[in-house]
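Take a look at the structure below.
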Amino acid sequence: MSNNERWDFAKGPEPLIHRIHNYPARFPAFIVTEALSYAEEKGVKVKTMADVFCGCGTTAVEAKRNNKDFWGWDVNPVATLITRTKCGSYNDEKLEKHFEKIKDDFSRIRISKKEIEGVHARIRYWFHDEKIRDLLKLRSAICEGISAPSPYRKFFLCAFSNILKPTSRWLTKSIKPQIDPNKRPFDVIDSFEHQFNQMRKATKNNPVAHNYNPVIRVCNGNFLATRPTDPFVDLIITSPPYVSSYDYADLHQLSLLWLGFLQDYRELRKDMIGNRYGVNTVENSVMSKLPKAAKGIRDSLMEKDQHKANAVAKYFLDIEKSMMKCASLLHRNGMAVFVIGNTEYKGVEIDNAGHLESCMRSTGFKHIEKISRKMSLKTLTPYRDSIGRFTKQTGQKEVYAKEFIVVGQKR
Ligand SMILES: C[S@@+](CC[C@H](N)C(=O)[O-])C[C@H]1O[C@@H](n2cnc3c(N)ncnc32)[C@H](O)[C@@H]1O
């Protein structure tokens, strides 16, 4: 394992476009530009990039900024909405016109008590009635004022999505969904205006390429269920979910419900890598296919918590499948760069990075390197307190102080 400082810290500030919507476990944008230069130094001719777990689109945005075509997948519709929004091109005057119209319509629309009472029970749990009323007005103003295929509609729905937590009773910055009884939620239209201004500024400062207009394709779905026929990308840059890290269904429940993506937000877990859904159905014959080290981790966990042990085994199997799929996407000598951290459960270290590396070996990769990187953003707040909030205080539960860049080339 090597350490190479190029992966540790960004050399300059990140373009604002990366920060228009919160997303858990987003990686810093410079990782993508470093990976791209690294691949080119190693002789990879990069025309098309991919991120098979694209999250909020960090790789997609950087691909576009660097004139590369892009393919992305994410099972979470909130993730693909953000990615598509960030990769869109907008006319500033049109943005302003739409915004003024939304504000006008908002002040005209009336919502009845019955409509407030008719919203999803989870929404009523998280929001005060007057916020539900205002959010219903705002959503109608966006959806009735801008037709469905328009990128502007996505833009404003993305803005809507990012104001849901501040306008709700959700405990700020907590990774465990819980009500903050002392919170005074923000005003809906003020938050929306603030969010709009941030996004508008970010899109103005995100110049698009002049000499080439890259093709950006973003698919909402389970990457493991895709059927790539021919290799079609030169460079994959991605970060798979860590075993038992974030529960995106829980964390994005407000957006999933308000935007009508799912009636039961928990269904999102079904296709997620590393989820615990259906782990009891993983058969022993399948488990026996795990690489030796992974089996060792599963056995150590078995002594502590059987359910957890099976969940981790399933995660390891999913990662192996992902590696096979990644290999099939890549042209010969194409490169894959994975950003991944290790986790721990009841004293057992879960070596996600080691497992990924061993899967790369068995699924057709060569020149594999595992590089340790210091985490530039989270080093500021690497601990979590008892209710799951990030904190700088030592003595609390340490989360991820370092992570790994695992790189390989397709044979
Ligand atoms: C660590 S995040 C990626 C963050 C991303 N690198 C960024 O900067 O925003 C992992 C992503 O994998 C997605 N994911 C989990 N299982 C998936 C699957 N089976 N197919 C596609 N995406 C999946 C999650 O929804 C999540 O957005």
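Only heavy atoms go into these numbers, but all of them, side chains included; no hydrogens, no water, no symmetry mates. Both counts, for ligands and for their atoms, begin at 1 and track the order of listing.
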- Note on the structure: For Gly221, the atoms of ligand 1 under 4.0 Å from one of its heavy atoms are 20 (N), 21 (C)

- Message: Assess whether a salt bridge exists between Arg139 and Glu115, defined as any Lys/Arg side-chain N lying under 4.0 Å from an Asp/Glu carboxylate O.
- Response: no

- Task: Could you list which atoms of ligand 1 come closer than 4.0 Å to a heavy atom of Tyr23?
- Result: 25 (O), 26 (C), 27 (O)

- Mark yes or no for whether Lys86, through its side chain, and Gly57, through its backbone, hold a donor-acceptor pair below 3.5 Å. no

- Message: If I apply the N/O under 3.5 Å rule, does Ala79 come out as touching ligand 1?
- Response: no

- Query: Which class fits the ring pair His98 and Tyr152: parallel under 30°, tilted 30 to 60°, perpendicular over 60°?
  - Reply: tilted

- Note on the structure: In this structure, atom 5 (C) of ligand 1 is nearest to the protein heavy atom Cys54 O, 3.8 Å

- Considering distance alone, does some N or O of Asn222 sit under 3.5 Å from an N or O of ligand 1? yes

- Message: I want to know if ligand 1 touches Pro240 in the polar sense, i.e. an N/O pair below 3.5 angstrom.
- Response: no

- Task: Report yes if Asp271 has an N/O atom closer than 3.5 Å to an N/O atom of ligand 1; otherwise report no.
- Result: yes

- Is Ala25 close to ligand 1, meaning an N/O of one under 3.5 Å from an N/O of the other? no

- Below 4.0 angstrom, N of the basic side chain to O of the carboxylate: do Asp250 and Lys176 qualify? no

- Under 4.0 Å from a heavy atom of Asn76: give me the atoms of ligand 1 that qualify, with their elements. 25 (O)

- Item | Residue and atom name of the nearest protein heavy atom (relative to atom 26 (C) of ligand 1), distance in Å to one decimal | Asp74 OD2, 3.5 Å

- Query: Counting each atom of ligand 1 from 1 as listed, which ones have a heavy atom of Phe223 under 4.0 Å away?
  - Reply: 18 (C), 20 (N), 21 (C)

- Item | Nearest-0.5 Å distance that lies between atom CG in Leu36 and atom CD in Glu41 | 10.0 Å

- Query: Can an N or O of Val75 be found at a distance shorter than 3.5 Å from an N or O of ligand 1?
  - Reply: yes

- Query: Which protein heavy atom lies closest to atom 6 (N) of ligand 1, and at what distance to 0.1 Å?
  - Reply: Ser239 OG, 3.0 Å

- Item | NZ (Lys183) with more than 12 external heavy atoms under 6.0 Å | yes

- Message: Does ligand 1 come near enough to Leu224 that some N or O of the ligand is less than 3.5 Å from an N or O of the residue?
- Response: no

- Query: Would you call Lys45-Asp234 a salt bridge at under 4.0 Å N-O?
  - Reply: no

- Item | Distance flag, aromatic centroids of Phe404 and Phe338, threshold under 6.0 Å | no

- Message: Suppose I only count heavy atoms of Thr58 and a 4.0 Å limit; which atoms of ligand 1 are within that range?
- Response: 7 (C), 8 (O), 9 (O)

- Item | Closest protein heavy atom to atom 23 (C) of ligand 1, given as residue, atom name and distance to 0.1 Å | Phe53 CD2, 3.5 Å

- Inspect the contact between Glu62 and Arg65 and indicate whether a charged nitrogen and a carboxylate oxygen are less than 4.0 angstrom apart. yes

- Message: Once you measure the plane-to-plane angle for Phe156 and Phe192, does it fall in the parallel (<30°), tilted (30-60°) or perpendicular (>60°) bin?
- Response: tilted

